[in-house]
Amino acid sequence: MYVGWVRADELDDLVGPLFITHPSDPPICFTADEDDRLLAYPIPENSQNEPFIVNQVFVGARLIGTSNTFTFKSSNGKYLSSDKIGVVSVDREAISGLEEWEPTLTDAGFAFKNTHGKFLMVDEIAGGGFKIRADSEDVGFCETFRVYCQARFKRKARQEKKKAKKEGSVNELDNIKKFQSWGGGRVHMSREDKRKLKEARGEGRLAEAMLDRRAQVKSDRYCK
């Protein structure tokens, strides 16, 4: 059952309110203070993996027309950004390339690459404490973050993906009936045909496979 805040484990979970943390010692979370400074704030030992002040909530959004480019807005309405030397701030009011991030799902969480091809990281500073930078070339422990999202948004994303998958399957069958069938719309496919289409869908080349089948059976006048 989806309740409270839960661990984000896929890109779709990064749309909506987020709690961005790092399992350093002690663990820290992203916090935007009242002066729009980004802090690596220590997480209390009794924390339940959820923000305890609104300044620790960021809102993720996927850029229109992209599949894996995101922006992250603080509770102050400012965007997380990084310049070319890796200085990270959260004081931008508008979106440009500096505010764009490309998350990558890893075995332990998420890595975030900026527009300059460098990764967000947590760096321990002299005298204790941590600083957030974005100048790392590789992904390791310091570059891997644990992100938590609100359960209701995770549930909504799952439902929308399930609906889209179902609608895609219906559209696929309609196309087959329209272009690759005869005799009142009945679909005539051998086991081998079904196997090939299933493999093609898994490999992301379903459209190509369907065109190949249309050409093979010579039932689509636009292919022959």
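Just so it is clear, the structure is predicted and the values come from calculations on it, not from any experiment.
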Examine [X] and [Y] and state if one hydrophobic cluster contains both, with Ile, Leu, Val, Met, Phe, Trp and Tyr joined whenever side-chain heavy atoms are less than 4.5 Å apart.
X    : Y   : result
V15  : V59 : no
V90  : F19 : no
L105 : F70 : yes
F30  : V57 : no
Y41  : L80 : no

Would you confirm whether the ring centroid of H22 sits within less than 6.0 angstrom of the ring centroid of F141? yes

Centroid-centroid distance, F112 to F72, less than 6.0 Å: yes

Looking at [X] and [Y], what are the two nearest heavy atoms and their distance?
X    : Y    : value
S24  : F130 : CB-CZ, 3.7 Å
R7   : A108 : NH2-O, 2.9 Å
K113 : F119 : CB-CE2, 3.7 Å

Here's a test for you: under salt bridge (charged side-chain N to carboxylate O under 4.0 Å, His left out), which of D36, D33, D35 qualifies with K78? D36

How long is the gap from CG on D135 to NZ on K84, to the nearest 0.5 Å? 14.0 Å

Which value, rounded to the nearest 0.5 Å, describes the distance between S75 atom OG and E34 atom CD? 7.0 Å

Pair K154 + D13, salt bridge at N-O below 4.0 Å: yes

Do side-chain atoms of [X] reach the backbone of [Y] as a donor and acceptor pair under 3.5 angstrom?
X    : Y    : value
W101 : L120 : no
H116 : L98  : no
R133 : V88  : no

Given side chains that start at C-beta, do those of T21 and I43 come closer than 4.5 Å, heavy atoms only? yes

